[in-house]
Amino acid sequence: MELDSLYQEVILDHYRNPLHKGLSKEKDIQVHHNNPSCGDEVTLNLIMKDGIVKDISWDGVGCSISMASTSVMSDLLIGKNYVDALKIVESFVELMQSKGQSSGNEDLLEDGVAFAGVSKFPARIKCALLGWMAFKDATTQVMA
Ligand code: ZN
């Protein structure tokens, strides 16, 4: 992979020091998602309160992209309301579908733009999306 070195540093930093990793005791819902093509697995606990993402905690094994992306996602979405959180998820999904043509909306995605280069590598997009899809699944179930 040829990722910009600054971006690579952000990803490696989240991989080495993942945020919100370690499952909480309490949860509204737990979901488990995997990405068989790479062997990545994520279990995510979600707590929502009054339409706000109160807590996300997770555990998982997998490649640096999947783990770092889940770390970025959890840190970014905790404290956001349901609507804003889904807007951010959609923005990240669009970035992953951009085939390297987008550098991402940094206002929305913050460290998430570090994964822009991943969109050039179709095999790795599922790695980057794993945690985000787990969050979307969990939120949709809780808010249903
Ligand atoms: Zn992976």
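These numbers come from a predicted model, not from an experiment.
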Closer than 3.5 angstrom, by distance alone: can the side chain of [X] be matched with the main-chain N or O of [Y] as a donor-acceptor pair?
{"X": "Ser71", "Y": "Leu19", "result": "yes"}
{"X": "Asn81", "Y": "Val83", "result": "yes"}
{"X": "Ser74", "Y": "Thr70", "result": "yes"}

Task: Of all pairs that satisfy side-chain hydrogen bond (donor to acceptor under 3.5 Å, both in side chains), the ones with a partner from residues 28-42, not counting sequence neighbours - done: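 Residue pairs passing side-chain hydrogen bond (donor to acceptor under 3.5 Å, both in side chains), neighbours aside: Gln30-Asn45, His32-Glu41, His32-Thr43, His33-Asp137, Asn35-Ser37, Asn35-Asp40, Asp40-Ser66.
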
Open item on the list: Are there over 12 heavy-atom neighbours, none belonging to Lys126, within less than 6.0 Å of that residue's NZ?
Closed with: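 Check fails, neighbour count at 12 or below.
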
- [ ] Can you establish whether the number of heavy atoms outside Gln141 located under 6.0 Å from its atom CD is more than 12?
- [x]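 Counting other residues, nucleotides and ligands, CD of Gln141 exceeds 12 neighbours.
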
Closest contact, heavy atoms only, [X] versus [Y]:
{"X": "Tyr15", "Y": "Met67", "result": "CD1-CB, 3.7 Å"}
{"X": "Lys21", "Y": "Gly60", "result": "NZ-O, 3.6 Å"}
{"X": "Val113", "Y": "Leu95", "result": "CA-CD2, 4.2 Å"}
{"X": "Pro18", "Y": "Trp58", "result": "CB-CZ2, 3.7 Å"}
{"X": "Ala116", "Y": "Ser102", "result": "CB-O, 3.8 Å"}

Which distance, rounded to the nearest 0.5 Å, do you find between the [atom1] of [X] and the [atom2] of [Y]?
{"X": "Ser57", "Y": "Lys25", "atom1": "OG", "atom2": "NZ", "answer": "12.0 Å"}
{"X": "Met73", "Y": "Asp111", "atom1": "CE", "atom2": "CG", "answer": "13.5 Å"}
{"X": "Ile65", "Y": "Ile11", "atom1": "CD1", "atom2": "CD1", "answer": "5.5 Å"}
{"X": "His20", "Y": "Leu44", "atom1": "NE2", "atom2": "CG", "answer": "11.5 Å"}
{"X": "Leu86", "Y": "Met143", "atom1": "CG", "atom2": "CE", "answer": "8.5 Å"}
{"X": "Met48", "Y": "Lys54", "atom1": "CE", "atom2": "NZ", "answer": "11.5 Å"}

Open item on the list: Under the ring pair (Phe, Tyr, Trp, His ring centres under 6.0 Å) definition, can you give me all pairs with a residue in residues 124-144, not counting sequence neighbours?
Closed with: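 Sorted result for residues 124-144: Phe92-Trp132.
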
Once salt bridge (charged side-chain N to carboxylate O under 4.0 Å, His left out) is applied, do any residues pair with [X], and if so which ones, sequence neighbours excluded?
{"X": "Lys87", "value": "Asp84"}
{"X": "Glu110", "value": "none"}
{"X": "Lys136", "value": "Glu90"}

TODO: Apply side chain to side chain contact (heavy atoms under 4.5 Å, CB included) to Asn105 and list each qualifying residue two or more places apart in sequence or on a separate chain.
DONE: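 If we apply the side chain to side chain contact (heavy atoms under 4.5 Å, CB included) test to Asn105, skipping adjacent residues, the hits are Ser91, Asp107, Leu108.
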
Validation row: [X], [Y] side chains within 4.5 angstrom (heavy atoms):
{"X": "Ser69", "Y": "Val72", "result": "no"}
{"X": "Val93", "Y": "Met133", "result": "yes"}
{"X": "Thr139", "Y": "Tyr82", "result": "yes"}

Open item on the list: When you group the ILVMFWY residues by side-chain heavy-atom contacts below 4.5 Å and let the links chain together, are Ile78 and Ile47 in the same group?
Closed with: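 As far as the 4.5 Å side-chain criterion goes, Ile78 and Ile47 are not connected within one cluster.
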
Task: side chain to side chain contact (heavy atoms under 4.5 Å, CB included) evaluation trace for Lys27 with Leu46 - done: CA-CA 6 Å; Lys27 59 187 181 289; Leu46 174 70; over 6 Å; no

Task: Test log, rule side chain to side chain contact (heavy atoms under 4.5 Å, CB included), inputs Arg124 and Ser119 - done: CA-CA 8 Å; Arg124 309 309 301 277; Ser119 70; over 6 Å; no

